[in-house]
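To start, the structure under review is shown below, and the notes come after it.
Index from 1, following the sequence.
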Amino acid sequence: MNAKLQDIAPLMEALISFKKNRIVPFDVPGHKRGKGNPELTAFLGEQCLSVDVNSMKPLDNLNHPTSVIKHAEELAAQAFGAAQAFFMVGGTTSSVQAMIMATCQEGDKIILPRNVHRSVINALILCGAEPVYVDPGLNSRLGIPLGMSTARVEEALRNNPGAAALLVNNPTYYGVCSNLAEITRLGHAYGLKVLVDEAHGTHFYFGSHMPQNAMAAGADMASVSMHKSGGSLTQSSILLLNKGVNPGQVRQTINLTQTTSASYLLLASLDIARKKLAMEGEEIFDLICDMTAYARAEINAIGGYYAFAREIIDGDSSFDFDPSKLSVNTLGTGLAGIEVYDILRNEFGIQIEFGDIGNFLAYISVGDSYKDIERLVSALAEIYRVHKKDRPPAFAHEYIAPTVAMPPRRAFYAGKESLPLARAAGLVAAEFIMCYPPGIPILAPGETISQDIIDYISYAKAKGCLLTGAQDLSAECINVIKG
């Protein structure tokens, strides 16, 4: 990558030029550069509202880019080492769904780990592909699912000739990476497209001493959440394509669901964030890793907590680890991760990324400082001093292997009835139930509801996890396949 060529932001520059021209708006949006809603302008700022505009010739069109958006996407592709980059304004959910829908048709098999984000299974409902799950390894000490074993991937490939695609998380929510290069080689050897969910891996393309990124590993497509570690606005994302993938076909698939009124605020934020990462990314992520390593050492010195890192690498299901991740196991304190999450927010004014049964994740970025780290460490020490309990006896893990009774699409559209969760054991789910975040389904459409799953959901509710996905917002009842 030629960093000098990256020192521009064509979309931002086009918006600045547009603003200077003082164009009189007789188009949408109806707030007319903020003049129509002073309260909104006061809240978001005139600078923001003045460039919240509609597609027009000088500003290009995201669905059919020919000028400044096209240039911005070309710069992003160069920065990420990809053949093509698409700016996405529906979050990485839209990126994940686009790459699956561009690859899989109804009845096609896709090989994937079960600890995927719900957007992956939603894509299967939309396109009708059928999942072949590879159970991730489980770290029994931490209770977390890991990556995919290459041996299990190869077994799934052998047992499913004619499968269309193979999907890999890089990394998992907790920072664990599979052997992406070898899995990609295996997938291609069996004739599959290799798709990578890199929602939490933007920095792999710019930081030093990071796990391998999808484009470098030779994967066909990757979905990158620029708004997470990349620093763009929430809901902005990039879909990357490697050589050998038809970009025109992928764009047509994207345009099936992507808005025709793309937000220029989101698009410009992608352009600006790409520029910063291309110019300063290595220094930024080196600093983040230094802060994370410091936080990890300080938290481990408290007692009870275990901030884990590369020592959990086993060369297979845990092939590598993201050094920027501050993932912390809490079971030694006697508290669930979600309980620590709630105490940090309610008693100390600290908002972390998520807490689950046994762990929490504190997201550290370039916007943080060592002063912020000290505040977090001090709060955790006080929580341990005041709230520590005996180690909880049950549910020391975050993953229950599913039993798939029918494809997700068929289950989602089947006849269904609502039953109390306690009476649903042995039946087939017609909807999702998951803790959010992280948004990894405990139960997905088409899976058999076991007593273990019912007990886990009840335990998660009792601990304060936010359970989403069910029509019944209280998750007391669940839709099951009728009769």
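- A distance-only check finds a donor-acceptor pair linking the side chain of R409 to the backbone of L126 [under 3.5 Å].
- A297 is linked by a side-chain contact (heavy atoms from CB on, under 4.5 Å) to nothing, counting only residues two or more places apart in sequence or in another chain.
- A salt bridge links R274 and D271; the closest N-O separation between the charged side-chain nitrogens and carboxylate oxygens is under 4.0 Å.
- Taking the side chain as every heavy atom from C-beta outward, P323 and M210 approach each other to under 4.5 Å.
- Checked against side-chain hydrogen bond (donor to acceptor under 3.5 Å, both in side chains), E74 has the following partners two or more places apart in sequence or in another chain: K70.
- From D322, atom CG reaches atom OG of S327 across 8.0 Å, with rounding to the nearest 0.5 Å.
- No more than 12 heavy atoms of other residues, nucleotides or ligands shown are found within 6.0 angstrom of CZ on R345.
- Between F285 and H203, the ring-plane angle classifies as tilted under the 30° and 60° cut-offs.
- Side-chain contact between L277 and Y205 is absent, with no heavy atoms from C-beta onward closer than 4.5 Å.
- Within the structure, salt bridge (charged side-chain N to carboxylate O under 4.0 Å, His left out) contacts touching residues 160-172 (residues at least two apart or in different chains) do not occur.
- Every residue meeting the side-chain hydrogen bond (donor to acceptor under 3.5 Å, both in side chains) condition with S208, not counting sequence neighbours, appears here in chain and number order: D286.
- The side chain to side chain contact (heavy atoms under 4.5 Å, CB included) test with T202 singles out one residue from V224, N213, T92, and that residue is V224.
- Note that OH of Y341 and CD1 of I352 are 7.0 Å apart. Values are rounded to the nearest 0.5 Å.
- The local environment of CZ in R33 is crowded, with over 12 non-hydrogen atoms from other residues, nucleotides or ligands closer than 6.0 Å.
- Legend: residues meeting side-chain contact (heavy atoms from CB on, under 4.5 Å) with V366, ordered by chain and number and at least two apart, are I284, I288.
- The closest side-chain donor-acceptor pair between N122 and S119, if any, does not fall under 3.5 angstrom.
- Classification of E155 and R158 as a salt-bridged pair fails, no side-chain N sitting under 4.0 Å from a carboxylate O.
- Residues passing the ring-ring contact (aromatic ring centres under 6.0 Å, His included) test with F354, sequence neighbours excluded: Y173, Y174.
- With contacts defined as side-chain heavy-atom distances shorter than 4.5 Å, the pair E13/H71 does not qualify.
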